[in-house]
Amino acid sequence: MAATDVLKPDHAAARRHFIFTDEHEQLRESIRSFVVKELAPHADEWEETTFPDWVFRRMGELGLLGLSMPEEYGGQGGDYYCSLVLAEEMVHARCGGLAMGVAVHTDMATPPILAFGTEEQKRAYLEPSIRGEKISCLGITEPDAGSDVAGIKTRAVRDGDEWVINGSKTYITNGHRADYIVLVTKTDPGAGYEGFTLFVVDMDLPGVIREEKLRKLGMHASDTALLAFQDVRVPDGAVLGQVGKGFFGIMWELQGERLIGAAGAVAAAQAVFDRTLTYAQERQAFGRPLSKFQVTRHKFADMATKIEAARQLTYTTAWRFANGEYPVREISMAKLYASRMACEVADECLQIHGGAGYMREYGIERVWRDLRLNRIGAGTDEIMLDVIGRSYDL
Ligand SMILES: Cc1cc2nc3c(=O)[nH]c(=O)nc-3n(C[C@H](O)[C@H](O)[C@H](O)COP(=O)(O)OP(=O)(O)OC[C@H]3O[C@@H](n4cnc5c(N)ncnc54)[C@H](O)[C@@H]3O)c2cc1C
C-alpha cells in the first residue's frame with residue numbers, strides 16, 4: 001500500500017463482513033430486486049388491508065421460504081447467514097408487518113419442525129411451508145402469560161391415543177391466515193420446566209377458534225390474532241419433539257427468533273438513516289441544508305456509530321451461532337441493543353424530518369411505529385436484561 005493511500009481515509013470502502021461470501025451478496029441482490037419490484041409498491045395498500053397470502057406462494061416459488069432449510073425438504077440448503085440476508089432485505093419492502101409475518105413463518109414456526117419434527121411432520125408441514133402452500137404461526141403468549149412463558153395455562157391432556165387441548169393464545173402473528181400453529185402447552189403442571197410439550201395443530205380442527213383481529217400501534221400489514229382452543233383433539237402424531245421437553249424447545253426457538261430480530265432491526269435502522277441522510281442534504285433551513293448544521297451532523301454520527309456497533313454484535317453472534325455455539329448471552333445482548341438502537345434511530349430520523357416525519361406520506365412515522373415492537377416482541381428489553389444478568393450468576 002502506498003503512503004498516500006495510508007494517509008487518505010477511505011470512507012467509501014465496501015468490504016463486506018467476513019461472514020458473507022459472494023453467493024450471499026448475489027442472494028442479497030436478487031432478494032432486494034424482488035422486494036423492491038414486487039412487494040414495496042403495495043406497502044401503503046397493505047397497511048390498510050394486511051398483506052395477501054399470495055406473498056407466501058410467490059416467495060415459495062422463488063425459494064425464499066427455505067433458504068437455510070435442507071434440500072430434501074425443498075429448501076435451498078444454504079447456511080444460517082442466508083436467513084440473515086433475507087431478514088435484512090425484507091426491510092426494503094418498507095412494510096414492517098410484512099417482514100414480521102414472513103419472519104414468523106421462516107424463522108420462528110418452521111425451524112422447530114425441522115429441529116424436532118418426525119419425518120411425517122416434516123413432509124406434512126415443513127415441505128408445503130417451504131413451498132408457501134401452508135402458512136404457519138407460533139403460539140407461546142397467552143392473555144395471562146407473556147414474558148413468563150412457564151406461567152402459561154394452555155393444557156394438553158392425554159386421552160387414549162389422542163390429546164385434548166384447552167386454552168388460549170394471544171397476539172399471534174399470522175393467526176388468522178395460518179393453516180397450522182406450533183403450539184406451546186402444559187402437559188404436566190407438577191413437573192416444572194419438564195412439564196411442557198409442543199404440538200403442531202391444524203387450524204381448521206373443530207374447537208380452534210380465531211377470535212377478533214387485534215388492532216395495534218404499528219405492523220398494520222400483519223394480522224394479529226386472539227385464539228381459543230376448546231377441546232381440540234389431536235392425535236399422538238401431533239406432538240412435536242418429546243413430551244415434557246417443550247420448554248427447552250421453545251427457548252431454543254427464541255434464540256433464532258431474537259437474532260433474526262436483531263438483524264432486521266439493524267437493517268431497518270440503516271434504511272431509515274439512509275433516507276433521512278438524503279432528506280437532510282436536500283431540505284433547506286436558514287439558507288443551508290439541514291445537514292450543514294453541526295447538531296444534525298452529530299446526530300448522524302451518533303446514529304451511524306450505534307448502527308455499526310449493533311451490526312457487528314449481531315454478525316459476530318450469528319457467526320458463533322452458525323458455528324455450533326449456543327451464545328444465549330450474546331444473542332440477548334444483540335436483540336436488546338439492536339432493538340433499542342433502532343427505536344432511537346427511528347425517533348431521531350423522525351425529528352430530523354420535522355413535521356414531514358409526522359406525516360404518513362413520508363413513511364417515517366410508520367418505521368417509528370413498527371420498530372417499537374422490537375423492544376417488546378420475542379422477549380422484552382427487561383427480559384433480555386434479566387437473561388444477561390443471570391448469565392453472570394446474579
Ligand atoms: C404485534 C405483536 C406480535 C406478536 N406476535 C407473537 C406471536 O406470533 N406469537 C407469540 O407467542 N407471541 C407474540 N407476541 C407476544 C410477545 O412476545 C409478548 O407481548 C412479549 O413477550 C411480552 O409479553 P406480555 O405482552 O405478556 O407482557 P408482560 O409479560 O405482561 O410484561 C409487561 C411488562 O412487564 C415487564 N416484565 C415482565 N416480567 C418481568 C420481570 N421478570 N422483570 C422485569 N420486568 C418484567 C415486561 O418487560 C414488560 O415491560 C406478539 C406481540 C405483539 C405486540
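In listed order, ligands and their atoms are each counted from 1.
Atom 18 (C) of ligand 1 has T141 OG1, 4.0 Å as its closest protein atom, hydrogens excluded (heavy atom only). Looking at atom 17 (O) of ligand 1, its nearest protein heavy atom turns out to be A378 N, 3.6 Å. Considering only non-hydrogen protein atoms, atom 20 (C) of ligand 1 sits nearest to I376 O, 3.5 Å. Among all non-hydrogen protein atoms, the one lying nearest atom 49 (O) of ligand 1 is E382 OE1, 3.4 Å. Protein heavy atom in closest approach to atom 9 (N) of ligand 1: L138 O, 2.9 Å. The shortest contact between atom 7 (C) of ligand 1 and any protein heavy atom is with Y171 O, 3.4 Å.
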Donor-acceptor pairs are to be reported for all side-chain atoms of residues 199-213 against protein atoms at under 3.5 Å, with residues two or more places apart or in another chain.
residue	atom	partner	partner atom	Å
D202	OD1	Y125	OH	3.1
D202	OD2	Y125	OH	3.2
R210	NH1	G175	O	3.1
R210	NH1	H176	O	2.8
R210	NH1	A178	O	3.0
R210	NH2	A178	O	3.2

Exercise answer: donor-acceptor pairs, residues 249-263 side-chain atoms, under 3.5 Å, sequence neighbours excluded:
residue	atom	partner	partner atom	Å
Q255	NE2	M251	O	3.1
R258	NE	A378	O	2.6
R258	NH2	A378	O	3.3

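Atom 29 (O) of ligand 1 has its nearest heavy-atom neighbour, among A103, S147, G389, in S147. Here atom 26 (O) of ligand 1 lies nearest to G146 when heavy atoms of G218, S222, G146 are compared. Considering only non-hydrogen atoms, atom 8 (O) of ligand 1 lies nearest to T173 out of I383, L217, T173. Distances from atom 53 (C) of ligand 1 to the heavy atoms of D386, L373, D370, T170 put L373 nearest.
Salt bridge present: E330 and R320 bring a charged side-chain N and a carboxylate O closer than 4.0 Å.
Protein heavy atoms are absent from the space less than 4.0 angstrom from atom 33 (C) of ligand 1. Atom 5 (N) of ligand 1 is approached by the protein to below 4.0 angstrom, counting heavy atoms only. Contact annotation for atom 13 (C) of ligand 1: protein present (non-hydrogen atoms, distance under 4.0 Å). Under the 4.0 angstrom criterion, atom 47 (O) of ligand 1 counts as having a protein heavy-atom contact.
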Derivation and outcome, side-chain contact (heavy atoms from CB on, under 4.5 Å), residues I31 and L86: CA-CA 7 Å; I31 298 177; L86 177 66; 4.0 Å; yes

Intermediate values then yes/no, side-chain contact (heavy atoms from CB on, under 4.5 Å), Q242 and F116: CA-CA 8 Å; Q242 288 176 46; F116 314 123; over 6 Å; no

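Atom CD of E38 has more than 12 heavy atoms from other residues, nucleotides or ligands within 6.0 Å.
The distance between the ring centers of Y81 and Y315 does not fall below 6.0 angstrom. In this structure, the ring of F51 has its center less than 6.0 angstrom from the ring center of F56.
Between M100 and ligand 1, no N or O atom pair is found at a separation short of 3.5 Å.
Ring geometry, H42 versus W46: the interplanar angle falls under 30°, so the pair is classed parallel (tilted spans 30 to 60°).
Applying the 4.0 Å criterion to heavy atoms of I172 picks out, from ligand 1, the atoms 7 (C), 8 (O), 9 (N), 10 (C), 11 (O). Annotation for ligand 1: atoms under 4.0 Å from non-hydrogen atoms of T380 are 22 (C), 46 (C), 47 (O).
Of the N and O atoms on the side chains of E142 and S168, not one donor lies less than 3.5 Å from an acceptor on the other residue.
Under a hydrophobic-cluster definition in which Ile, Leu, Val, Met, Phe, Trp and Tyr are linked whenever side-chain heavy atoms come within less than 4.5 Å, directly or via other members, F293 and I352 are assigned to the same cluster.
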